[in-house]
Amino acid sequence: PKAMIMRKIILVLSTAFCLLPATIFAAEPPLNKPDTKLTPSGIISFVPQYFMINGLRLDYDLAVNPNHWLQMAPIFFFRDSPSDGALATTPNNSQIGGGLHVYHRYYPAEGFPTPKIYLAYGPMYHYNKLQYENRLETDRPERYTATHKTGFDILLGFNSLWSDNMIIDLFVGLGLRHSFVYSDAANPEKFNRSYIDFGYSGTVLLMGLRIGFVTSTRP
């Protein structure tokens with residue numbers, strides 16, 4: 001009996017030893033199988049047109065799945081020197097503020113990056129505190145106006161992977177804006193002379209460029 005048990009153990013071990021290489025090679029991918037291409041799942045980008053109104057906007061896009069992305073875009077405003085009112089904004093002495101855009105981005109069909117077109121929509125908020133000269137008949141005291149701008153945007157965009165790590169994004173759309181203005185002046189400057197001014201209320205045409213860099217990927 002002991003010899004029979006020993007022969008069975010040797011048979012089992014021999015069979016396992018013979019099958020082990022086959023199991024290992026079956027688990028390994030074929031040598032000629034191409035590597036799996038990774039797809040971006042996180043992107044950080046900046047929007048250069050905000051430089052024209054003393055702003056810095058940095059966006060972070062996070063993939064929920066290939067079709068649905070969350071886009072968060074904090075904005076910072078700062079200038080400590082007088083402005084002459086270029087770009088149809090009201091002249092002022094200094095500016096400080098911030099804001100946030102939050103969008104849901106939808107890629108149709110198979111999802112990003114197969115279709116390059118997307119739809120984005122969501123709310124936004126900007127705050128700016130602006131110092132300016134209150135031009136009276138006999139004096140020019142410095143006053144401030146604080147603007148709280150709220151709104152909602154709908155965008156149609158097109159993006160393209162220029163390399164494994166860089167993305168160029170073009171977008172156009174419409175937005176609604178409503179601004180609340182507070183000031184220490186009796187007759188305050190409302191900063192609403194044009195649709196890009198800080199206290200504007202109404203409909204705005206949106207268009208721009210984003211330059212992005214991939215921060216994370218998925219298979």
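In what follows, residues are counted from 1 in the order of the sequence shown. Quick note: numbers below take in every heavy atom, side chains included, and nothing from hydrogens, waters or symmetry partners. All values derive from a computational prediction rather than experimental measurement.
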Under the criterion ring pair (Phe, Tyr, Trp, His ring centres under 6.0 Å), which of F112, Y107, F158 is the partner of Y118? Y107
If every non-hydrogen atom of [X] is compared with every non-hydrogen atom of [Y], which pair is closest and at what distance?
X: S45; Y: R210; value: OG-NH1, 3.2 Å
X: Y132; Y: P188; value: OH-CA, 3.5 Å
X: F198; Y: K149; value: O-CE, 3.2 Å
X: S216; Y: G42; value: OG-N, 3.2 Å

Greater than 12 external heavy atoms within 6.0 Å of I154's CD1: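 Not more than 12 within 6.0 Å, no.
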Expected output: side-chain [X] to main-chain [Y] donor-acceptor under 3.5 Å:
X: T215; Y: I44; value: no
X: S183; Y: Y144; value: yes
X: N67; Y: A109; value: yes

At what distance, to the nearest 0.5 angstrom, does [atom1] of [X] lie from [atom2] of [Y]?
X: N134; Y: E189; atom1: CG; atom2: CD; answer: 9.0 Å
X: N165; Y: I43; atom1: CG; atom2: CD1; answer: 11.0 Å
X: I75; Y: L56; atom1: CD1; atom2: CG; answer: 9.5 Å
X: L100; Y: F76; atom1: CG; atom2: CZ; answer: 9.5 Å

Residue pair [X] / [Y], side-chain heavy-atom distance below 4.5 Å:
X: T147; Y: Y200; result: no
X: M207; Y: F171; result: no
X: Q71; Y: Y60; result: no

Take D153 and R177 through the test salt bridge (Lys or Arg N to Asp or Glu O under 4.0 Å) and record every step on the way to the result. CA-CA 9 Å; D153 298 337; R177 301 286 184 266; 2.7 Å; yes
Between Y103 and H101, do the side chains contain a donor N or O and an acceptor N or O under 3.5 Å apart?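 Per modelled atom types, H101 and Y103 side chains form a pair under 3.5 Å.
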Side chains of R218 and S41: do they bring a donor and an acceptor to under 3.5 Å?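 No pair is found: no donor N or O on one side chain lies under 3.5 Å from an acceptor on the other.
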Look at the rings of F180 and H178 and say which category their plane angle falls in: under 30° parallel, 30 to 60° tilted, over 60° perpendicular. perpendicular
Electrostatic pair D169-R105, nearest N-O below 4.0 angstrom: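 Between R105 and D169 there is a salt bridge, with a charged N closer than 4.0 Å to a carboxylate O.
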Please determine which of L174, L206, L170, I117 meets the side-chain contact (heavy atoms from CB on, under 4.5 Å) test together with L156.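 Exactly one option meets the side-chain contact (heavy atoms from CB on, under 4.5 Å) with L156, and it is I117.
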Could you point out which residue of N192, T89, T90 forms a side-chain hydrogen bond (donor to acceptor under 3.5 Å, both in side chains) with D197? T90
